[in-house]
S.K.: 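Before anything else, here's the structure in question.
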Amino acid sequence: MSSTLFRTKKVEQSIRDTEEPEHALKKSLSALDLTVFGVGVIIGTGIFVLTGTVAKNNAGPSVALAFVVAGVVCALAALCYAEFASTVPVAGSAYTFAYASLGELPAWIIGWDLVLEFALGTAVVAVGWSGYIHSLLDNAGWQLPASLGVRDGAEVFGFDILAAALVLVLTAILVLGMKLSARVTTVVVAIKLAVVLVVIVAGAFFITTDNYTPFIPEAKPVAAGDGLHSPLIQLMFGWAPADFGVMGIFTAASVVFFAFIGFDIVATAAEETRNPQRDMPRGILGSLFICTVLYVAVSIVVTGMQHYSELSVDAPLADAFKATGHPWYAGFISFGAAVGLTVVCMILLLGQTRVFFAMSRDGLLPRFFSRVHPRFRTPHRPTILLGVVIAVLAGFTPLTELAELVNIGTLFAFVIVALSVIILRRTRPDLPRAFRTPWVPFLPILSVAASLWLMLNLPAETWLRFALWMVIGIVVYFLYSRSHSRLGRGEGAGPVEPAEPSGPASR
């Protein structure tokens with residue numbers, strides 16, 4: 001039984017599957033498109049909100065260093081993703097990589113994890129976007145009925161029509177084609193980058209150097225189980241992380257990590273890239289580098305404009321400009337945040353549909369969802385299904401308290417990809433690798449350790465919810481996926497219909 005649970009799918013077979021006419025995605029993306037996708041999904045609510053939270057509660061002005069630490073953790077994982085995405089240019093990201101190295105059950109687990117991660121991420125961002133739009137409408141003197149508005153956790157039963165409508169519109173765009181999605185993303189990312197650059201350039205003129213003193217505030221102890229700190233760390237190591245001080249930087253890094261979520265989604269588009277061996281590493285590493293530089297610059301400017309103890313938790317960037325007597329910038333930032341979140345939502349939905357598509361093509365989910373649209377060459381069936389489900393989820397469910405699941409799901413994927421690089425280097429040293437992760441196995445091991453450390457900083461409730469979702473996934477695997485797997489049915493040796501690329505053959 002264990003041999004069937006850990007059966008691996010050959011890289012060559014994964015690549016051959018992408019050539020089956022009914023299951024082949026259209027290759028239309030360039031390195032620039034991938035970089036734009038990466039920047040578009042990374043720069044989201046994290047930078048517009050988390051800067052004030054972690055500066056005020058955890059790190060003070062040294063929040064800039066926290067962004068560097070989180071960026072380094074992501075860079076370690078990005079180097080592993082770059083090798084895999086260029087070696088196995090197949091939709092599915094960490095799911096596909098795990099199938100080629102760790103086996104079917106681990107691949108199913110990470111695929112199941114990614115489906116949850118991207119679904120919740122899309123819904124959370126859609127609700128956040130709705131909140132920004134409501135704020136802008138209120139400023140203009142327009143108000144939607146409470147039953148169609150944002151819920152505060154509330155007694156009010158209603159449907160967030162803006163959040164649901166956004167998801168449905170983006171679903172239609174993704175069905176119509178990746179190139180259209182890339183064009184929409186490019187325009188929106190340009191607006192979002194303009195907002196971030198305005199914050200950096202304009203804010204630099206309002207910096208007061210006294211606000212940087214002390215750069216690393218004196219440490220203060222935190223009561224066990226308090227705030228954002230994880231009881232798991234207290235249980236394992238016997239101490240609670242401190243706010244401020246050097247350890248406050250690492251605590252802040254586990255929080256601002258949310259601002260970096262998304263670069264791994266670039267890998268899900270590998271199958272739709274014209275030259276994945278060259279362009280995937282450029283897109284993944286390039287987008288991560290650009291965003292890290294912007295994040296550090298924004299955090300330095302904001303903590304220089306206003307003392308960290310006075311920063312707003314809800315809208316630190318906008319409120320910092322208000323505090324310096326420039327409210328116009330605040331409105332501009334809110335507009336840019338609202339526009340930018342549309343791209344974050346779309347690319348998260350894109351990532352989920354590609355993972356779902358890859359799993360269905362392997363038979364672990366119903367094969368009905370693995371056929372592409374005859375004209376647009378997009379996986380329209382899973383896109384429509386997931387778009388409708390997430391629209392309902394975003395419309396009815398307050399998801400704020402579940403947002404941490406996105407973090408733990410991403411970090412878990414990082415661990416799997418890093419381990420997969422080590423294993424595939426040993427089991428398939430013959431594979432052509434356009435990009436090679438340096439210092440294997442030391443760098444992937446360091447990536448695993450860094451990701452696990454940030455996971456331990458997450459609340460215990462997040463671990464419990466994550467474990468519950470994994471248990472459900474394992475039940476689904478044994479009830480359905482294991483018996484329907486193409487690999488288990490002996491279809492892993494070649495394509496389903498033509499046995500040879502040169503022509504049809506009977507089975």
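Each residue takes its place number in the sequence, starting with 1.
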S.K.: Do Phe97 and Ile110 have side-chain heavy atoms sitting under 4.5 Å apart?
M.R.: no
S.K.: First locate atom OG of Ser451, then atom CG of Leu411, and finally report the distance between them rounded to the nearest 0.5 Å.
M.R.: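 Rounded to the nearest 0.5 Å, the OG-CG separation comes to 5.5 Å.
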S.K.: If you take all heavy atoms of Met280 and Ala270, which pair is closest and at what distance?
M.R.: SD-CA, 3.6 Å
S.K.: Would you say the side chain of Val298 lies within less than 4.5 Å of the side chain of Ile200, judging by non-hydrogen atoms?
M.R.: yes
S.K.: Can you tell me how the ring of Trp112 sits relative to the ring of Trp469, calling it parallel under 30°, perpendicular over 60° and tilted otherwise?
M.R.: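 Correct class here is parallel.
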S.K.: Just verifying a value: how many Å separate Asn58 CG and Phe250 CZ, rounded to the nearest 0.5 Å?
M.R.: 13.5 Å
S.K.: Would you please say whether a donor-acceptor pair under 3.5 Å links the side chains of Thr273 and Asp279?
M.R.: no
S.K.: Is the backbone N or O of Ser93 less than 3.5 Å from a side-chain atom of Thr268, with the two atoms forming a donor-acceptor pair by type?
M.R.: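 No, the answer is negative, given that no donor and acceptor are paired below the 3.5 Å cut-off.
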S.K.: Would you mind reporting whether Tyr81 and Leu285 have side-chain heavy atoms less than 4.5 Å apart?
M.R.: no
S.K.: Treating Glu272 as the side-chain partner and Lys26 as the backbone partner, does any N or O pair qualify as donor plus acceptor under 3.5 Å?
M.R.: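 No; zero donor-acceptor contacts below 3.5 Å.
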S.K.: Looking at every non-hydrogen atom in both residues, tell me the closest pair between Leu364 and Trp108 and how far apart they are.
M.R.: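 Smallest interatomic distance, heavy atoms only, reads O-CZ3, 3.5 Å.
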S.K.: Grab the two heavy atoms, one from Ile249 and one from Ala66, that are nearest each other, plus how far apart they are.
M.R.: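 Here Ile249 and Ala66 meet closest at O-CB, 3.6 Å.
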S.K.: Could you list the residues that satisfy side-chain contact (heavy atoms from CB on, under 4.5 Å) with Pro379, not counting sequence neighbours?
M.R.: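 Scan of Pro379 (side-chain contact (heavy atoms from CB on, under 4.5 Å), adjacent residues dropped) gives Leu25, Arg354, Phe357, Pro382, Thr383.
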S.K.: Where do Ala323 and Gln306 come nearest, in terms of heavy atoms and distance?
M.R.: CB-NE2, 3.6 Å
S.K.: Is the distance between the ring centroids of Phe332 and Phe321 under 6.0 Å?
M.R.: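 Between Phe321 and Phe332, which both carry aromatic rings, the centre distance is not below 6.0 Å.
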S.K.: Say you draw a straight line from CG of Leu294 to CZ of Phe289; how long is it, rounded to the nearest 0.5 Å?
M.R.: 9.5 Å
S.K.: How long is the straight-line distance from CZ of Phe37 back to OG of Ser287, given to the nearest 0.5 Å?
M.R.: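 Result: 11.5 Å between the selected atoms.
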S.K.: Roughly how far, to the nearest 0.5 Å, is CG of Leu29 from OG1 of Thr35?
M.R.: 11.0 Å
S.K.: First locate atom CZ of Arg282, then atom OG of Ser30, and finally report the distance between them rounded to the nearest 0.5 Å.
M.R.: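 Reported value, rounded in 0.5 Å steps: 10.5 Å.
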S.K.: Counting C-beta onward and ignoring hydrogens, is there a side-chain heavy-atom pair between Arg465 and Leu116 closer than 4.5 Å?
M.R.: no
S.K.: Is it true that Thr213 and Asp210 share a donor-acceptor pair across their side chains at a distance under 3.5 Å?
M.R.: no
S.K.: One pair to check against ring pair (Phe, Tyr, Trp, His ring centres under 6.0 Å): Phe356 and Phe118. What are the steps and the verdict?
M.R.: CA-CA 11 Å; Phe356 198 99; Phe118 294 153; over 10 Å; no
S.K.: What is the minimum heavy-atom distance between Ala126 and Val167, and which atoms define it?
M.R.: CB-CG2, 3.8 Å
S.K.: Return yes if some donor-acceptor pair links the side-chain N/O of His380 with the main-chain N/O of His373 below 3.5 Å, else return no.
M.R.: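 Yes, because the side chain of His380 sits within donor-acceptor range (under 3.5 Å) of the backbone of His373.
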S.K.: Quick check: do Phe414 and Leu454 have side-chain heavy atoms less than 4.5 Å from each other?
M.R.: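 Phe414 vs Leu454: side chains apart.
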S.K.: Looking at Thr185 and Val343, would you say the former's side chain and the latter's main chain have a donor-acceptor pair under 3.5 Å?
M.R.: no
S.K.: Return the minimal non-hydrogen interatomic distance between Val301 and Val199, and the atom names on each side.
M.R.: CG1-O, 3.6 Å
S.K.: Just wondering, more than 12 heavy atoms not from Lys27 lying within 6.0 Å of its NZ?
M.R.: yes
S.K.: Could you check whether any side-chain heavy atom of Tyr329 comes within less than 4.5 Å of a side-chain heavy atom of Leu317, counting everything from C-beta outward?
M.R.: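 SC-SC contact between Tyr329 and Leu317 ruled out.
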S.K.: Mark yes when over 12 heavy atoms from residues, nucleotides or ligands other than Phe376 sit less than 6.0 Å from its CZ; otherwise mark no.
M.R.: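 More than 12 within 6.0 Å, yes.
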S.K.: Consider side-chain contact (heavy atoms from CB on, under 4.5 Å). Of Val68, Val54, Ile216, which one does Ser62 pass it with?
M.R.: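 It is Ile216, the one option of Val68, Val54, Ile216 that forms the side-chain contact (heavy atoms from CB on, under 4.5 Å) with Ser62.
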S.K.: Which residue pairs satisfy the ring-ring contact (aromatic ring centres under 6.0 Å, His included) criterion with at least one member in residues 193-212, sequence neighbours excluded?
M.R.: Phe206-His326
S.K.: Is there a side-chain contact between Asn211 and Thr303 (heavy atoms, below 4.5 Å)?
M.R.: no
S.K.: Under 3.5 Å, is there a donor-acceptor pair between the side chain of Trp129 and the main chain of Leu162?
M.R.: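 No.
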S.K.: Using the salt bridge (charged side-chain N to carboxylate O under 4.0 Å, His left out) rule, collect all pairs that involve residues 374-392, keeping only residues at least two apart or in two chains.
M.R.: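 Checked against salt bridge (charged side-chain N to carboxylate O under 4.0 Å, His left out) - neighbours excluded - no pair reaches residues 374-392.
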S.K.: Side chains of Val302 and Leu311: closer than 4.5 Å at any heavy-atom pair?
M.R.: yes
